[in-house]
Amino acid sequence: MHDLKFIRENPERVKAGAANKNEKCDIDKVLSLDEERREIIRQVERLKAERNKVSAEIAKMKKAGRPVDDAVMAMRKVGQQISELDTKLRELEVRLNTALTWVPNIPHESVPVGADETANVVVREWGEIPEPDFKVLPHWEIGEKLDIMDLAAASRISGSGFYLLKGLGATMQRALINYMIDLHTADGFTEVCAPHIVTSETMFGTGQLPKLADDMYKTEEGTMYLIPTAEVPLTNMFKQQIISYGQLPIRMVAHSPCYRREAGAAGKDTRGMIRVHQFDKVEMVTIVHPDNSYDVLESLVWQAEKVLQGLQLPYRVCELSTGELSFASAKCYDLELWAAGVAKYLEISSVANFEDFQARRMNCRFRDADGKVKHPHTLNGSGVALARLIPAILENYQTAEGSVVIPEVLRQYMRGAELIR
RNA sequence: GGAGAGGUGGCUGAGUGGUCGAAAGCGGCGGUCUCGAAAACCGUUAUACCUUUCAGGUAUCUAGGGUUCGAAUCCCUACCUCUCCGCCA
């Protein structure tokens, strides 16, 4: 959500930002509705000022024992005009706000301009891409073979787009969650366990609504939604709050399931765990002073990288182009993990700075050192997504004998197991 | 699910139709004092919007309606919190 005044003063910047993001929104409509709105405010406030003045006089006249009937009659008429104008104003504001909620955040000036992923920039790469001398099985084959994954059972239970882990597969997921949360909390992140079912206001706050309504699962009454990421409850913890200066920066981490309908993605990555309706994720959220949010963005990327380096998995860091940026973000890095079995990079983490876009939507503020109340910047990053991490491990740690070596950092969380066979 | 109580500024908490944007306290900020700090004392301390600016105006006491010339104050609805009962992991 942008400040109306900002749009009024920088219409071309807002339009260009939306265009570069391939977002459709009608800035001219926002501007004309705003103009109309201000005209009515001018009228109605003049009437209200008069009413207040005369009402005060009526009080005095009554005290003095003078007749007030004429004044009361006149104000009755004014009151009617006011209520008509107020009704008009309310309707106008609803339309204006609706138009405003569809205006995306503007990309940061450093973001490469481009329509799609071909304009993304690889910032750095880490680790060696393995070149095994045997055929690496994709994770769904090795998983079934080792009896740690049962995709057929998952589809019997829930239909297509779900996975089921068992035995050391399920243990590995739990181990990964513990490994990641321990890593982040050791670096100062506070662990949080938050609700997975949230109100539409909450979904609006982080920018999932209105745009992504069709990508989310909602309850029958349509008023509650299943979270697509823990970013939603974590960031919204501070909805409508004023954070004291000393509390910043706020750094949180949570594990949660993520529910996504993946509408429109049918036929894409249909096999295995790569694209599913429910997956687990460890998510980091930070709320920081606007002055240093871009430094925090870099450190948040590093925090996610630490997870992958600890697991000794080769990856690369990509800076997303404007066309790839999500509705609410101003700048975003993706971490992509090499998966030997499917022989491609898997997007495993997304780390983004939303500047004050989300804070405005949820009316989250902080009291600055000068005592003034301002909007903080919000950021989040996966740290990281399990449903793609597990495939990468099963494929990259595969041996010629068809077993899977358990990464060293996980063994303490897996009763000391070293190998799945 | 049933019954009751309540939601006021950053916080606590007065205020039941007419200078109430709202007492008081706490907190914050500035100052006096001090080598410095604490204490004490003095002062100050909301936000948004419109006009436009050495200024004026409007709105905001959970939210949305209603009554009234005039609502924090009266009425209705929703939401939330608390207490008791029921149910239950």
Side-chain angles (χ1 to χ4, degrees), chain A residues 1-10 30-101 193-205 209 219 221-225 233 236-248 250 287 289-290 356-357 359-376:
Chain A
M1 186 84 88
H2 295 292
D3 186 9
L4 244 183
K5 209 180 286 174
F6 177 81
I7 296 180
R8 205 183 294 149
E9 286 164 6
N10 305 279
V30 169
L31 292 174
S32 72
L33 285 171
D34 175 49
E35 184 48 53
E36 218 181 313
R37 166 182 152 270
R38 280 187 293 160
E39 173 55 34
I40 291 179
I41 286 176
R42 259 172 257 151
Q43 294 175 24
V44 78
E45 288 194 348
R46 205 179 310 132
L47 291 173
K48 283 180 178 174
E50 193 196 340
R51 180 178 70 183
N52 288 346
K53 202 176 117 206
V54 175
S55 288
E57 279 165 12
I58 289 174
K60 275 184 204 158
M61 286 157 75
K62 267 193 163 172
K63 241 178 213 164
R66 280 186 282 149
V68 296
D69 288 1
D70 287 353
V72 167
M73 285 303 286
M75 284 310 101
R76 198 172 286 170
K77 216 173 265 173
V78 170
Q80 255 168 30
Q81 290 178 45
I82 288 173
S83 93
E84 279 165 25
L85 284 172
D86 267 342
T87 304
K88 218 163 142 189
L89 185 61
R90 265 198 305 276
E91 286 168 6
L92 214 52
E93 280 178 342
V94 167
R95 284 166 60 200
L96 176 60
N97 275 327
T98 305
L100 211 51
T101 59
C193 174
H196 301 162
I197 304 176
V198 303
T199 61
S200 53
E201 289 77 25
T202 296
M203 284 299 184
F204 178 81
L209 285 179
T219 58
E221 322 85 76
T223 56
M224 302 288 281
Y225 291 81
N236 276 286
M237 280 166 66
F238 297 90
K239 177 168 71 163
Q240 286 159 13
Q241 298 293 301
I242 296 180
I243 300 164
S244 65
Y245 184 72
Q247 272 181 281
L248 294 181
I250 291 166
I287 300 178
H289 195 284
D356 65 4
F357 191 80
R360 282 183 186 282
R361 280 171 100 86
M362 64 180 72
N363 197 23
C364 166
R365 292 154 296 165
F366 77 100
R367 194 172 293 280
D368 207 348
D370 59 10
K372 291 259 183 264
V373 174
K374 302 170 186 172
H375 295 290

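Naming: A, B, ... by sequence-line order, numbering from 1 per chain.
Counting non-hydrogen atoms under 4.0 angstrom, A/Lys63 reaches nothing in the nucleic acid. Within the 4.0 angstrom heavy-atom criterion, no nucleotide atom of any strand lies near A/Ala56. Counting any heavy atom pair closer than 4.0 Å across all strands shown, A/Ile41 reaches sugar-phosphate atoms only and no base atom. As judged by a 4.0 angstrom heavy-atom cut-off over every strand, A/Arg8 is placed among residues touching the sugar-phosphate backbone only. Residue contacts shown for A/Arg37 are limited to sugar-phosphate atoms, with no base heavy atom under 4.0 Å away. Among the protein residues, A/Arg46 comes within range of no part of the nucleic acid, since none of its heavy atoms lies under 4.0 Å from any strand.
Nucleotides B/U52 and B/G18, compared at atom P, are 36 Å apart to the nearest Å. Comparing B/A71 with B/A59, their C1' atoms are spaced 14 Å from each other, to the whole Å. Rounded to a whole angstrom, the distance from the C1' atom of B/U67 to that of B/U73 is 13 Å. Distance noted for atom P between B/A78 and B/C26: 41 Å (whole Å). If you take atom P in B/G2 and the same atom in B/U77, they sit 15 Å apart, rounded to whole Å. Comparing B/U47 with B/C29, their P atoms sit 16 Å apart, to the nearest whole Å. On the P atoms, B/C11 is 14 Å away from B/A46, given to the nearest whole Å. Atom name P, nucleotides B/G70 and B/G21: the rounded distance is 16 Å, in whole Å.
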Practice problem: List the steps, then state whether ring pair (Phe, Tyr, Trp, His ring centres under 6.0 Å) holds for A/Phe366 with A/His375. | Solution: CA-CA 6 Å; A/Phe366 77 100; A/His375 295 290; 8.9 Å; no
Quiz item: Going through the distances and angles, do A/Glu57 and A/Val68 end up as a side-chain contact (heavy atoms from CB on, under 4.5 Å)?
Solution: CA-CA 9 Å; A/Glu57 279 165 12; A/Val68 296; over 6 Å; no
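The pair A/Arg90-A/Asp86 fails the salt-bridge criterion, with no side-chain N (NZ, NE, NH1 or NH2) lying under 4.0 Å from an Asp/Glu carboxylate O. Between A/Lys88 and A/Glu91, none of the side-chain N atoms (NZ, or NE/NH1/NH2) sits under 4.0 Å from a carboxylate O, so this pair counts as no salt bridge. At a threshold of 4.0 Å, the pair A/Asp356-A/Arg360 counts as salt-bridged, since one of the basic side-chain nitrogens sits closer than that to a carboxylate oxygen.
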Self-check item: Pairing string, 5' to 3', for RNA chain B - Watson-Crick or wobble contacts under 3.5 Å, brackets [ ] where pairs cross, | to another strand
Solution: ((((((((.[[[..)..(.....]]]((((((.......))))))((((((...)))))).[[[[[..)....]]]]])))))))....
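Each of A/Arg365 and A/Lys5 was assigned the nucleotide of RNA chain B with the nearest heavy atom; the assignment lying further toward the 5' end belongs to A/Arg365. In this structure, A/Met75 and A/Arg367 both approach RNA chain B, and ranking their closest nucleotides by distance from the 5' end singles out A/Arg367.
Residue-environment remark: OH (A/Tyr245) stays at or below the threshold of 12 foreign heavy atoms within 6.0 Å.
Contact between A/Cys364 and A/Pro376 at its shortest, heavy atoms only, is O-CD, 3.2 Å.
When atom types are taken as modelled, the side chain of A/Arg51 and the backbone of A/Met75 share no donor-acceptor pair closer than 3.5 angstrom.
The CG atom of A/Leu92 sits 12.0 Å away from the OG1 atom of A/Thr87 when rounded to the nearest 0.5 Å.
Every pair tested for side-chain hydrogen bond (donor to acceptor under 3.5 Å, both in side chains) that includes a residue from residues 60-78 of chain A fails, sequence neighbours excluded, so the list is empty.
Boundaries of the chain A contact region on RNA chain B are B/G10 to B/G70, first to last in 5' to 3' order (nucleotide atom under 4.0 Å from a heavy atom).
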